[in-house]
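The chain is numbered in sequence order, starting from 1.
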Amino acid sequence: MYIVHSCASVQLPGPRFFTVSRQSNCFAPFSVSVGSCAGAKTSPCIVKASRRQRLNTQSLNTEIEEAADEGVGEDGDEDDEFLPRSGFRGREEEMDYDRNPEFAEILGSCLDDPQKARSKMEERLRRKRNKILHTKTGSALPMKVTFNKFDFSNTYIWFEFYNTPLAKDISLICDALRSWHIVGRLGGCNSLNMQLSQSPFDKRPSYDAIQGANVNPTTFYNIGDLEIQDNLARIWVDIGTSEPLLLDILINALTQISSDYVGIKQLVFGGDEFENWKENLTSEDAGCSVHKI
């Protein structure tokens with residue numbers, strides 16, 4: 001640092017130029033002041049150097065913060081392990097139905113005021129009709145249901161479709177049969193314990209756990225594979241217990257499938273033979289296929 005006092009007799013050389021380095025981290029800032037009796041003045045070089053240093057420091061801090069936010073390591077790869085976990089990540093396209101105020105309002109008034117809940121649900125269906133209702137691809141004719149020597153312990157259930165079912169139709173039928181078997185095997189279809197369906201709707205529903213635990217359990221022993229030949233299909237079942245509710249549940253589900261998705265001409269419970277079914281026909285070229293349940 002050069003300090004020149006005006007009171008001293010000093011002869012300065014010719015004009016000099018001081019060069020300020022652009023590397024803020026190389027050299028410490030310096031100043032040149034000219035002393036006088038009236039006071040000292042700071043050279044403009046000091047102000048420019050300090051300003052450049054502050055700008056470089058701010059730019060460096062900004063780059064460090066951006067690198068930390070992006071989670072980029074020294075190798076240039078993203079380090080997902082240290083990224084901040086947001087509770088709403090992956091929910092941009094998924095609606096949180098558990099916190100839907102519209103559903104909460106409808107379900108909250110379902111027990112206290114069923115008529116009000118029903119009117120709200122009808123209003124919702126009217127507003128969102130195009131999103132909820134879809135074009136039916138099934139049959140407008142009702143599915144015919146018949147019984148032919150039906151036995152709960154060892155029997156076939158036969159299907160006759162209007163047309164040969166497509167792959168998506170077969171998948172839907174298999175899913176329905178699989179769900180039916182699971183619910184039945186877990187004892188969900190027990191007509192001896194139907195407390196809620198037999199209780200009046202003008203009161204708040206109540207359930208007697210002791211009564212429900214003491215009824216005779218029902219089960220669904222076994223089910224075979226779904227066999228298809230052209231527009232015919234069959235499945236072997238061993239329900240075990242004589243529980244008509246199991247049959248009602250299956251008929252209701254297949255009735256809806258026949259109306260909305262794939263037309264089922266008739267459903268037959270029982271019998272070892274059915275129309276044009278051939279026992280020894282297994283070739284896929286002849287329209288035969290077997291689907292695991």
Side-chain angles (χ1 to χ4, degrees), residues 110-111 114 138-139 141-161 165 169-229 231-275 277 279 289-293:
C110 180
L111 298 178
S139 173
L141 300 176
M143 179 183 66
K144 183 180 178 181
V145 180
T146 58
F147 290 84
N148 180 20
K149 299 179 182 179
F150 177 74
D151 187 2
F152 279 91
S153 60
N154 183 12
T155 190
Y156 279 104
I157 300 177
W158 301 87
F159 302 79
E160 182 182 4
F161 301 94
D169 302 329
I170 297 174
S171 177
L172 179 60
I173 297 291
C174 290
D175 291 341
L177 293 173
R178 189 176 298 111
S179 302
W180 176 56
H181 174 246
I182 292 174
V183 173
R185 190 173 183 84
L186 294 175
C189 304
N190 193 341
S191 59
L192 299 178
N193 186 29
M194 302 180 65
Q195 301 180 39
L196 298 180
S197 61
Q198 296 175 355
S199 62
F201 285 97
D202 56 348
K203 299 180 182 179
R204 179 181 291 272
S206 62
Y207 186 84
D208 188 346
I210 298 178
Q211 178 183 347
N214 291 331
V215 298
N216 294 329
T218 60
T219 185
F220 194 141
Y221 289 164
N222 203 355
I223 191 171
D225 298 332
L226 180 65
E227 305 173 66
I228 295 179
Q229 292 183 9
N231 67 322
L232 302 179
R234 74 175 183 179
I235 187 169
W236 174 84
V237 295
D238 182 7
I239 298 176
T241 56
S242 300
E243 180 53 75
L245 181 59
L246 267 170
L247 305 182
D248 284 331
I249 292 175
L250 178 62
I251 293 172
N252 290 336
L254 294 178
T255 299
Q256 196 69 27
I257 290 176
S258 176
S259 173
D260 295 350
Y261 299 99
V262 52
I264 302 175
K265 187 175 182 179
Q266 63 175 327
L267 180 69
V268 180
F269 291 88
D272 296 331
E273 298 179 356
F274 183 77
E275 295 187 358
W277 185 270
E279 288 291 342
S289 60
V290 179
H291 305 272
K292 185 71 176 177
I293 300 298

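Note: Leu267 CG to Lys265 NZ = 14.0 Å, rounded to the nearest 0.5 Å.
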Contacts table for residues 184-196: side-chain donor-acceptor under 3.5 angstrom, sequence neighbours left out:
from   : atom 1 : to     : atom 2 : distance (Å)
Arg185 : NH1    : Phe220 : O      : 3.1
Arg185 : NH1    : Tyr221 : O      : 2.5
Asn190 : OD1    : Leu192 : N      : 3.0
Asn190 : ND2    : Asn216 : O      : 2.8
Ser191 : OG     : Glu243 : OE1    : 3.2
Ser191 : OG     : Glu243 : OE2    : 2.8
Asn193 : OD1    : Gln195 : NE2    : 3.0
Asn193 : ND2    : Tyr207 : OH     : 3.0
Gln195 : OE1    : Asp208 : N      : 2.8
Gln195 : NE2    : Asp208 : O      : 3.1

Donor-acceptor pairs under 3.5 angstrom involving side-chain atoms of residues 171-178: please list them, not counting sequence neighbours.
from   : atom 1 : to     : atom 2 : distance (Å)
Asp175 : OD1    : Arg178 : NH1    : 2.9
Arg178 : NE     : Ile293 : O      : 3.0
Arg178 : NH2    : Lys292 : O      : 3.0

Validation: residues 248-262 side-chain donor-acceptor distances under 3.5 Å, sequence neighbours left out:
from   : atom 1 : to     : atom 2 : distance (Å)
Asn252 : ND2    : Asp248 : O      : 3.1
Thr255 : OG1    : Ile251 : O      : 2.7
Gln256 : NE2    : Asp260 : OD2    : 2.8
Ser258 : OG     : Ile264 : N      : 2.9
Ser258 : OG     : Ile264 : O      : 3.4

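Considering every non-hydrogen atom in both Ser242 and Pro244, the closest pair reads O-CD, 3.6 Å. Considering all non-hydrogen atoms of both residues, Ile228 and Ala233 come closest at CG1-CB, 3.9 Å. When every heavy atom of Gly263 is checked against every heavy atom of Ser139, the shortest pair comes out as CA-CB, 3.8 Å. Here the shortest heavy-atom pairing between Val215 and Gly212 reads CG2-O, 3.3 Å.
For Phe161, there are no ring pair (Phe, Tyr, Trp, His ring centres under 6.0 Å) partners two or more places apart in sequence or in a different chain. With sequence neighbours left out, Trp158 forms a ring pair (Phe, Tyr, Trp, His ring centres under 6.0 Å) with Tyr156, Phe274, Trp277. When the side chain to side chain donor-acceptor pair (under 3.5 Å) test is applied to Asp238, no partner is found at least two apart in sequence or on another chain. With sequence neighbours excluded, no residue satisfies side chain to side chain donor-acceptor pair (under 3.5 Å) with Asp272. With sequence neighbours excluded, the residues that form a side chain to side chain contact (heavy atoms under 4.5 Å, CB included) with Pro200 are Asp202, Lys203. With sequence neighbours left out, Ser289 forms a side chain to side chain donor-acceptor pair (under 3.5 Å) with His291. Shown here are the salt bridge (Lys or Arg N to Asp or Glu O under 4.0 Å) partners of Glu279, two or more places apart in sequence or in another chain: Arg234.
Within a 6.0 Å sphere centred on CD of Gln198, heavy atoms belonging to other residues, nucleotides or ligands number more than 12.
For the side chain to side chain donor-acceptor pair (under 3.5 Å) condition, the pairs that include at least one residue of residues 143-155, sequence neighbours left out, are Asp151-Ser153, Asn154-Trp236. Among residues at least two apart or in separate chains, there is no salt bridge (charged side-chain N to carboxylate O under 4.0 Å, His left out) pair with a member in residues 213-223.
With respect to Phe269, the ring pair (Phe, Tyr, Trp, His ring centres under 6.0 Å) criterion is satisfied by exactly one of Phe152, Phe159, Phe150: Phe150.
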